[in-house]
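Here is the structure we will look at.
FYI, the numbering just counts along the sequence from 1.
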Amino acid sequence: MHVAILTVGNELLAGDIENTNATWLARRLTEDGATVARIQTVPDDHDVIAGVVSEWSASFDAVVVTGGLGGTPDDITMEAVAAGLGREFVLVDDAAERVEATIDAILERRPDIDFDLDVAWYASMPEGAEVLPNDEGLAPGCRAGNVYVLPGIPTEMKPMFESIAERFAGERASQEVYADAPEGAVARELGAVATNFGVDVGSYPNRGGPTRIKLSGADPAVLDDAMAWFRENATVKLYESERAVEDAQEKSE
């Protein structure tokens, strides 16, 4: 499954907030066996969001959008997604009921708070969308076609994603080893692995630490063969973990 991640928010582009959602989602999707094919951040601009959603929904198996849900003027993501998919932007009864119940629960805990919210700000979605409950916040998410819209607040986004994570399961797998050497020391062997076995290779140097080497592919048997070949032909010693490298270094001192 090829998935694209779209994060929305002027604050992300300005650097006011670190875009941890994109990194977290990319890692979780990869762990589930999906291939993350695109990551992009766009401003709170209706036409820009709609344009990307329109293009990506036709190009990828799934699109995950985060940010811009709620009742403030810059929360336009849902309406833009509806436009990008060519759907009406409507009040969804199930979403409205959930928002009202959440408001009631908040008022019960904090009767001193004066809530004057238009439920439609939070419960309007692309027509025909599936409501994704938000147990940690006020604004529900949704699925419209192959587009999933999640909140931008990480404490709300993460549990909502976990509730639907199995939908992104794929067959892609990976294996990792660590080398107590610069990535250039294994460049030749990694090139041979990629050419001979058709797997994706990656080397991630850590200044002052070991180099992490990752092989990825859709066929577990081929991946096993590729890693076995790499272990046999690498000209540097390989370890199962970063800690194992550190232990070996301590013993040699």
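Residue pairs meeting the ring pair (Phe, Tyr, Trp, His ring centres under 6.0 Å) criterion with at least one partner in residues 22-45, sequence neighbours excluded, are W24-F161. Under the salt bridge (Lys or Arg N to Asp or Glu O under 4.0 Å) criterion, the residue pairs touching residues 180-204 are R172-D200, with sequence neighbours excluded. The ring pair (Phe, Tyr, Trp, His ring centres under 6.0 Å) pairs that include a residue from residues 63-94 number zero, where partners must be two or more places apart or lie in different chains. Residue pairs that meet the salt bridge (Lys or Arg N to Asp or Glu O under 4.0 Å) test with at least one member in residues 143-161, sequence neighbours left out, are E130-R143.
Looking at heavy atoms from C-beta onward, Y178 lies out of side-chain contact with L238 at the 4.5 angstrom threshold. Within the 4.5 Å cutoff, side-chain heavy atoms of L85 are placed close to those of S57. Annotation: side chain of S216 is not in contact with side chain of V199 (no heavy-atom distance under 4.5 Å). Put simply, the side chain of V131 reaches to within 4.5 Å of the side chain of R98, judged on heavy atoms. Residues V63 and V65 have side chains in contact (heavy-atom distance under 4.5 Å, counting atoms from C-beta outward). Side-chain contact between L6 and W56 is present, with at least one heavy-atom pair separated by less than 4.5 Å. L190 places a side-chain heavy atom less than 4.5 Å from the side chain of F230.
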- Hey, mind stepping through R28 and E162 against side chain to side chain contact (heavy atoms under 4.5 Å, CB included) and telling me if it holds? CA-CA 9 Å; R28 281 293 291 110; E162 294 296 356; 2.8 Å; yes
- Query: Hey, mind stepping through T41 and T7 against side chain to side chain donor-acceptor pair (under 3.5 Å) and telling me if it holds?
  - Reply: CA-CA 5 Å; T41 302; T7 57; 2.8 Å; yes
- Derivation of the side chain to side chain contact (heavy atoms under 4.5 Å, CB included) call for T35 and V3: CA-CA 6 Å; T35 298; V3 183; over 6 Å; no
- Task: Might you work through the side chain to side chain contact (heavy atoms under 4.5 Å, CB included) test for W229 and V193, ending with a clear yes or no?
- Result: CA-CA 8 Å; W229 185 94; V193 166; 3.4 Å; yes
- Item | Check against side chain to side chain contact (heavy atoms under 4.5 Å, CB included), E79 and S124 | CA-CA 8 Å; E79 187 173 2; S124 295; over 6 Å; no
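Around CZ of R38, the count of heavy atoms belonging to other residues, nucleotides or ligands within 6.0 Å does not exceed 12.
Among residues two or more places apart in sequence or in another chain, the salt bridge (Lys or Arg N to Asp or Glu O under 4.0 Å) test is passed with D219 by none. I39 meets the side chain to side chain contact (heavy atoms under 4.5 Å, CB included) test with I5, A22, A26, V36; sequence neighbours excluded.
V48 and P43 get closest at one heavy-atom pair: CG1-CD, 4.2 Å. Minimum interatomic distance between M78 and P140 (heavy atoms only, all atoms of both residues): CE-O, 3.8 Å.
Note on M227 and V222: same hydrophobic cluster, where clusters join Ile, Leu, Val, Met, Phe, Trp and Tyr whose side-chain heavy atoms are under 4.5 Å apart, directly or indirectly. Both I164 and V64 belong to a single network of hydrophobic side chains, linked directly or stepwise wherever heavy atoms of I, L, V, M, F, W or Y lie under 4.5 Å apart.
Salt bridge status for E176 with R212: present, with a side-chain N to carboxylate O gap under 4.0 Å.
Shown are D45, D47, V52, V53; of these, the side-chain contact (heavy atoms from CB on, under 4.5 Å) with I49 is made only by V53.
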